[in-house]
2 protein chains.
Amino acid sequence: MATQSADTTRRGSVDTHSADTHNADTCGADTTRRGRIDGDEARRRILDAAERLFYAQGIQAVGMDQIRDAAGVSLKRLYQSYPSKDALVEAYLEHRDRRWMRSLDEHVAHAAAPRDRVTAVFGFLAEWFGTADFRGCSFINAFGELGPTSPPVAAAARAHKSGLRERLGTLAAEAGAADPDALADQLLLLVEGAIVAAAMGTATGPAERARSAALALLSAARQSAPSGG
Amino acid sequence: MATQSADTTRRGSVDTHSADTHNADTCGADTTRRGRIDGDEARRRILDAAERLFYAQGIQAVGMDQIRDAAGVSLKRLYQSYPSKDALVEAYLEHRDRRWMRSLDEHVAHAAAPRDRVTAVFGFLAEWFGTADFRGCSFINAFGELGPTSPPVAAAARAHKSGLRERLGTLAAEAGAADPDALADQLLLLVEGAIVAAAMGTATGPAERARSAALALLSAARQSAPSGG
DNA sequence: ACGAATGGAGAACGATCGTTCTCCGCTTGG
DNA sequence: CCAAGCGGAGAACGATCGTTCTCCATTCGT
């Protein structure tokens, strides 16, 4: 879920990782060296490369030189696009949050009935888990790695999970649960657990297991105003 | 992030848990400096300090000097006890696995009925989450931080989760689930999710939420040989 | 076309970290 | 009391990393 070229018309699905073939880019310069590129293009490529590398290898394991190589920009350009590695890490997490939430929302939006909307969450997870470069949740990983030493990273991770929790709360309320907060929390546990289990290969078919569990909890919690489904 | 966070994570900023609390009995000499200590005592203190620091701050964020200070041993002693940081990390994970599993087993062993044994798992989690220094699962954290770059760490994390999954499988079978593997996976998702949610403060009362969800799943899955409980 | 500005390439710098080495005091055996 | 050795304290070393600086080719305004 990392690399996408600048010209992708996404179909609301989790895109697969394409290798770093940045041959023909939007820059017209046909230099054999690193082409002279536009400022916005540089920012895009840097964030793209950083996202792919940070996610794949962990944040501390990736050096700025490595990002420079993958992005195909100069170190000077890198630092005038993002003034520090910390800033780049924050941009990485923010961008990741936006893409992930958008993808989740699109999946959920396709379903109308509350039950189907909950199912869609885990369908999204199943699709995500199937991507070639899947390596768990960027925010759980970043939080575990830098949470205690970097308040911004901890805040970004909490904000991401808060957004997820809020969406699940909406779904739980739509489903007419007697205690929407309780159901939302339980769905959150299933989502987080599925992500972790998928990343570590612990459970078999974690998304499907989580989905069936969610449906069971949904049925158990359906005690007030079941608005269809 | 190196230059900035260097100030916040200063050496010796850990608590006053120093050498003098241990060496009163095993080492008779009351030296004012670091006492001359036994080899086994050194190993114990080193592993103790490493466990506390690695867990609290992350593995890469803790230097060997910091471990030396916290353990109250010399660097020479440190390296002749554990030949490298990698070895110390492995020992840390192994020790933590043993302690955690033992604590879980003890909690579960106190209950006889299958339902109570499942409940005991989440009672154990609740107790753990309430500890002052709780910071999530060492293995999830280590896996997220070093999984892609350190095969031993990845293997240790997978082994830990495999052990947990096996125990949950036993509980699921004892509970007479129609599909014990499915229930075990679902319980695993709840446990992992609760740990992550507790670490990040996402859900309210994650252990209790997970326990009620587990009981609901247990009831839903109880379709063969309900061995009275 | 020429001076100035821009940007790429990468060396350089300072800090940190894992690991080893040196120095010296203390202990111990005779 | 002395020689030998063990162990603590910490300097030193090499590698890495984040960040800055230097050098030079290219580009652009006029």
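First the proteins, then the strands, lettered A, B, ... as listed; each starts at 1.
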Query raised in the report: What is the nucleic acid contact for B:K85, judged by heavy atoms within less than 4.0 Å: base, sugar-phosphate only, or nothing?
Result: sugar-phosphate
Report task. Check the distance between D:dA9's P and B:R68's CZ and give it to me in whole angstrom. Result -> 8 Å
Query raised in the report: What integer distance in Å separates B:D69:CG from C:dC17:P?
Result: 12 Å
**Report entry** Candidate nucleotides D:dG10, C:dA11, C:dT19, ranked by approach to the side chain of A:L75 - the nearest
**Finding:** C:dA11
Query - Spacing of B:Q60 atom CD relative to D:dA15 atom P, expressed in whole Å - result: 20 Å
Query - Distance in angstrom units between B:I67 CD1 and D:dG10 P, rounded - result: 18 Å
Query - Minimum-distance nucleotide (side-chain atoms of A:K76 versus D:dG10, D:dT22, C:dT19) - result: D:dT22
Query raised in the report: Counting N and O atoms only, with roles assigned by atom type, does the side chain of B:K85 sit under 3.5 Å from a partner on the main chain of B:I59, one being a donor and the other an acceptor?
Result: yes
Requested in this report: Among residues two or more places apart or on two chains, list those pairs meeting ring-ring contact (aromatic ring centres under 6.0 Å, His included) that have a residue in residues 139-170 of chain A.
Outcome: A:W100-A:H160, A:F139-A:H160
Requested in this report: Taking side chain to side chain contact (heavy atoms under 4.5 Å, CB included) as the test, write out the residues that go with B:D86, two or more places apart.
Outcome: B:S84
**Report entry** Separation of atom CE in A:M64 from atom C1' in D:dT16, rounded to whole Å
**Finding:** 15 Å
Requested in this report: Quickly work out the A:L78 CG to D:dT19 P distance and round it to whole Å.
Outcome: 10 Å
**Report entry** Nearest-Å distance for atom pair CZ/C1', residues B:R45 and D:dG7
**Finding:** 14 Å
Report summary line: A:Q66 atom CD is separated from D:dT19 atom P, nearest whole Å, by 15 Å
Report summary line: Sorted by position of nearest nucleotide on DNA chain C, 5' first, the leading residue of A:D65 and B:V62 is A:D65
Query raised in the report: Thinking salt bridges, do A:D133 and A:R52 make one under a 4.0 Å N-O criterion?
Result: no
Query raised in the report: What's the closest nucleotide to the B:S74 side chain, out of D:dG18, D:dA9, C:dG8?
Result: D:dA9
